[in-house]
4 protein chains.
Amino acid sequence: MDVTKRLSGANYVLWGGREGYETLLNTSLKRELEQMGRMLSLVVEYKHKIGFSGQILLEPKPKEPTVHQYDFDTATVFGFLKRFGLESEVKVNLEANHALLAGHTFEHEIATAADLGILGSLDINRGDPLLGWDTDQFPADLYSMTLAMYQVIQAGGLGMGGMNFDAKVRRQSTEPEDLLHAHIGGVDMCARAFLIAAKVQEEGRLAEIVSTRYAGWNLPENQAILAGKESLDEIAARSEERNINPQPRSGRQEQLENLINRYL
Amino acid sequence: MDVTKRLSGANYVLWGGREGYETLLNTSLKRELEQMGRMLSLVVEYKHKIGFSGQILLEPKPKEPTVHQYDFDTATVFGFLKRFGLESEVKVNLEANHALLAGHTFEHEIATAADLGILGSLDINRGDPLLGWDTDQFPADLYSMTLAMYQVIQAGGLGMGGMNFDAKVRRQSTEPEDLLHAHIGGVDMCARAFLIAAKVQEEGRLAEIVSTRYAGWNLPENQAILAGKESLDEIAARSEERNINPQPRSGRQEQLENLINRYL
Amino acid sequence: MDVTKRLSGANYVLWGGREGYETLLNTSLKRELEQMGRMLSLVVEYKHKIGFSGQILLEPKPKEPTVHQYDFDTATVFGFLKRFGLESEVKVNLEANHALLAGHTFEHEIATAADLGILGSLDINRGDPLLGWDTDQFPADLYSMTLAMYQVIQAGGLGMGGMNFDAKVRRQSTEPEDLLHAHIGGVDMCARAFLIAAKVQEEGRLAEIVSTRYAGWNLPENQAILAGKESLDEIAARSEERNINPQPRSGRQEQLENLINRYL
Amino acid sequence: MDVTKRLSGANYVLWGGREGYETLLNTSLKRELEQMGRMLSLVVEYKHKIGFSGQILLEPKPKEPTVHQYDFDTATVFGFLKRFGLESEVKVNLEANHALLAGHTFEHEIATAADLGILGSLDINRGDPLLGWDTDQFPADLYSMTLAMYQVIQAGGLGMGGMNFDAKVRRQSTEPEDLLHAHIGGVDMCARAFLIAAKVQEEGRLAEIVSTRYAGWNLPENQAILAGKESLDEIAARSEERNINPQPRSGRQEQLENLINRYL
């Protein structure tokens with residue numbers, strides 16, 4: 001971290017790729033997590049002591065090499081940070097394939113982190129849905145990258161964070177030239193996806209449909225619910241009095257998927 | 001909940017089997033989670049208002065029917081409770097197959113909930129590691145049930161919670177008799193596993209090995225670290241001064257697995 | 001089949017969605033497969049007897065509702081057909097999500113069936129890589145559909161077979177309008193993917209790179225190996241004599257992925 | 001193979017751990033499989049030429065390191081052998097974790113190979129159902145090992161084959177002593193499982209239930225169906241004439257699982 005500060009680095013990832021356990025037979029989860037919490041608190045104290053102004057990042061990863069990594073996914077990391085009072089000090093560095101291994105999409109992890117206020121930075125690589133390990137391939141799927149970029153834009157961007165190719169060429173890509181193709185393809189993929197996502201955002205049709213879906217919650221009486229100004233009894237009484245009987249409305253998933261595909 | 005109170009029920013599970021989303025294209029994660037947080041707060045307020053003294057439980061489940069359920073696993077639920085200040089009001093009802101679908105073992109979920117102080121109750125069923133949906137089979141695997149029961153004992157038991165067969169016979173088990181076999185086998189499995197786990201606990205060999213592993217952390221200087229009385233600088237200085245250079249020690253996984261197998 | 005003949009149907013799918021087993025404890029695999037083999041032979045005899053000129057199709061599917069379906073994937077079906085001498089009588093009807101559940105890509109199943117001479121027809125739908133059951137969604141991913149269509153073209157088309165939406169709208173798509181969006185999007189996806197794949201084929205760059213990779217095998221001495229005209233000793237002697245020492249060459253995966261992406 | 005012969009080896013495994021492909025973009029499946037078929041034929045010819053009397057074995061494995069291994073599972077290998085006329089020359093060496101990665105149980109692979117006449121030898125290790133890669137752990141689960149051993153006994157034993165620990169201790173088991181614990185536990189597990197399976201076999205209750213399930217097929221008229229002496233028309237006519245209207249009978253899975261558990 002001292003070196004990062006001297007180099008004016010903006011991000012410091014505490015890469016947690018080894019922190020987890022293989023079997024509870026030899027592990028005290030309680031002790032492990034307390035030790036990790038203390039360690040992270042010490043790091044944050046140190047950051048302030050030396051005046052490093054960049055952000056501290058944890059990298060969620062569900063498994064590999066251990067069976068149970070402690071930083072399983074964004075939601076798990078958030079709970080851990082909250083427990084130790086670090087949720088405003090530490091953010092997450094998200095990786096597409098770690099999301100997949102945890103049973104999530106990349107855009108789910110981005111949206112979750114944004115919602116929880118801990119979106120930090122992105123590792124731009126991909127895994128293979130058919131494989132159960134971390135292949136760290138360069139991105140090649142415009143569709144899923146576009147969905148990820150759209151969530152980045154919804155989140156207001158990455159702030160101090162950025163995008164990093166934590167990726168490698170495939171085992172059979174044995175020539176230096178392959179590295180060039182991989183990076184060119186990867187950067188190009190990011191740029192194309194971002195431009196498409198930006199257009200989706202600017203034209204606003206998707207956002208409008210989503211906001212229409214939740215429009216009812218903007219009414220004063222429903223805002224009052226969210227603001228905690230009413231009890232269950234009061235809400236129930238009002239609902240009965242007004243004979244509120246909402247009908248299910250379509251989620252319109254296919255229409256929205258078509259909409260995105262028209263931008264590709 | 002009113003009925004539960006009248007019946008002197010000790011547990012009230014807010015079964016969340018439908019709460020999740022299919023696609024972010026039509027979903028505001030931010031709004032959904034705020035609404036869920038408010039809903040749960042209202043329920044807790046109501047519980048206190050009517051004087052229901054049982055415990056409120058959420059049931060973690062990662063998927064099915066939706067792609068992304070909000071109560072993915074215990075760690076996710078804990079973060080959610082912390083966010084809305086409900087971690088001392090709401091506990092979890094854990095189910096073996098939900099653990100599996102989330103990429104965890106049942107014993108992991110039990111140990112995690114115990115560590116976080118939210119272990120509530122258990123649904124005793126099982127899934128099939130080869131299948132990706134919730135089969136809700138009756139338990140039949142003594143080994144994994146023993147590991148689960150051992151964690152229950154470590155946690156000091158289930159308190160107000162209990163064990164419930166949220167299970168069904170297989171599609172081809174079409175006769176009433178099958179229900180009998182299923183329940184007899186399931187109860188028997190719980191009893192055998194508990195007796196074995198109790199013996200493991202009473203003889204104390206496993207616990208002793210685990211506690212030896214962490215023994216160093218009981219030293220006053222290391223307790224001081226955990227208590228937050230030292231900074232990274234101080235710890236580093238002390239380590240260098242004493243020339244502390246710990247060597248990796250074996251996790252002894254195979255030995256411990258053999259130990260358990262000798263009890264079966 | 002009589003009705004299909006009267007309607008001039010060209011395909012008859014023996015949909016095997018129920019044939020499999022839950023546990024070997026109650027199952028004789030040997031008997032089950034012999035019975036299935038006999039059943040299929042009877043069906044083929046009947047086809048010839050009534051003079052039905054369409055093709056008989058099996059539909060590979062690895063699981064759901066049973067744990068182990070007998071027609072797991074294309075390679076399994078081929079072995080089954082060979083065993084009962086039916087490989088020139090029966091073909092496969094492939095479905096994208098069944099491929100995924102079996103650990104394959106859709107294009108893998110198409111290429112395998114084409115290579116084995118049993119490519120029959122396609123169910124055009126998709127699954128969700130995050131889910132372990134058959135969602136039967138309408139296709140929405142241009143990239144993977146293009147890869148599938150490219151294999152269809154490589155195979156010389158589908159012959160008597162065709163493409164069929166064995167798909168349904170999502171659970172939350174509750175309005176009639178959703179069915180329209182789904183079908184429009186699905187047909188459009190097929191058309192776009194086919195046009196792109198046709199262009200890849202016509203421009204021939206991808207095919208050229210692949211054929212260059214295997215060019216050495218076209219040499220007379222290597223054709224002789226494939227034709228079974230040489231023994232291991234002879235091949236070894238020749239290799240040593242000519243001091244053949246091939247160096248690994250790059251598989252160029254990233255370059256080829258970029259190439260495809262430029263067509264999208 | 002020459003060395004194996006000189007050492008009086010009884011088995012020669014063509015370990016296929018590298019044969020597969022990453023992407024169809026750079027691969028001709030047709031050429032690859034023809035080359036593999038020729039290679040295997042050459043090996044078999046060579047075996048006969050040098051008079052090696054042991055058995056040649058392929059080892060099914062679905063993935064790792066490639067995305068699509070050619071010897072995916074036993075059924076795939078059988079189809080491949082049939083295609084090249086090698087099904088009486090080559091058998092399979094099965095490994096528990098490869099079964100799991102392919103979506104099967106170990107006992108499924110053993111029963112399938114036995115039924116197809118290609119059961120050769122076993123690698124006795126295990127994977128972790130939560131992980132998607134080949135952990136090659138020592139066996140520790142008595143239940144699943146018993147089910148595997150029962151299938152070995154059903155198959156009439158392993159003939160020339162045997163059992164081999166293709167296993168390694170876990171990453172954290174860093175001391176020589178761990179190797180001892182692992183092998184002792186593994187051998188013990190095999191022995192216990194075999195003894196239990198032998199007892200299940202000798203007492204015959206499980207076999208009796210299964211054979212009762214299929215008893216109807218032993219009737220002369222049903223044997224005639226299997227022997228191919230009747231057409232669909234004849235079978236249909238007979239069924240209508242006798243008013244055959246079979247009712248579903250329970251698969252009794254829970255009862256059978258209980259039965260096995262009573263032996264453990």
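The chains referred to below are lettered A, B, ... by the order of the sequence lines, with proteins before strands, and numbering in each begins at 1.
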**Message:** Check this for me: does any side-chain nitrogen of one of C/K168 and A/E254 sit under 4.0 Å from a carboxylate oxygen of the other?
**Reply:** no
**Message:** Check this for me: does any side-chain nitrogen of one of A/E257 and A/R252 sit under 4.0 Å from a carboxylate oxygen of the other?
**Reply:** no
**Side chain / backbone / both / neither for C/R171 at chain A, heavy atoms under 4.5 Å** =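 Nothing of C/R171, per the 4.5 Å heavy-atom cut-off to chain A.
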**Asked** Quick one: what part of C/T105 sits under 4.5 Å from any heavy atom of chain A, side chain, backbone, both or neither?
**Response**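 Its backbone and side chain both get close to chain A.
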**Asked** Looking at A/N258, A/L130, A/L264, which makes the most heavy-atom pairs under 4.5 Å with chain C?
**Response** A/L130
**Complete:** Heaviest contributor of heavy-atom pairs below 4.5 Å to chain C, chosen from A/G251, A/G186, A/S173, is A/S173
**Message:** Tell me whether A/T74 contacts the main-chain N or O of A/A113 through its side chain, where contact means a donor paired with an acceptor under 3.5 Å.
**Reply:** no
**Message:** Quick one, A/E95 with A/R126, criterion salt bridge (Lys or Arg N to Asp or Glu O under 4.0 Å). Give me CA distance, side-chain angles, the key distance, then yes/no.
**Reply:** CA-CA 8 Å; A/E95 184 169 316; A/R126 82 170 201 277; over 6 Å; no
**Request:** With a 4.5 Å cut-off on heavy-atom pairs, point out which of C/R249, C/M189, C/Q172 contacts chain A the most.
**Result:**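 Highest number of heavy-atom pairs under 4.5 Å: C/Q172.
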**Prompt:** When the ring planes of C/H68 and C/Y21 are compared, do they come out parallel, tilted or perpendicular, using 30° and 60° as the limits?
**Reply:** parallel
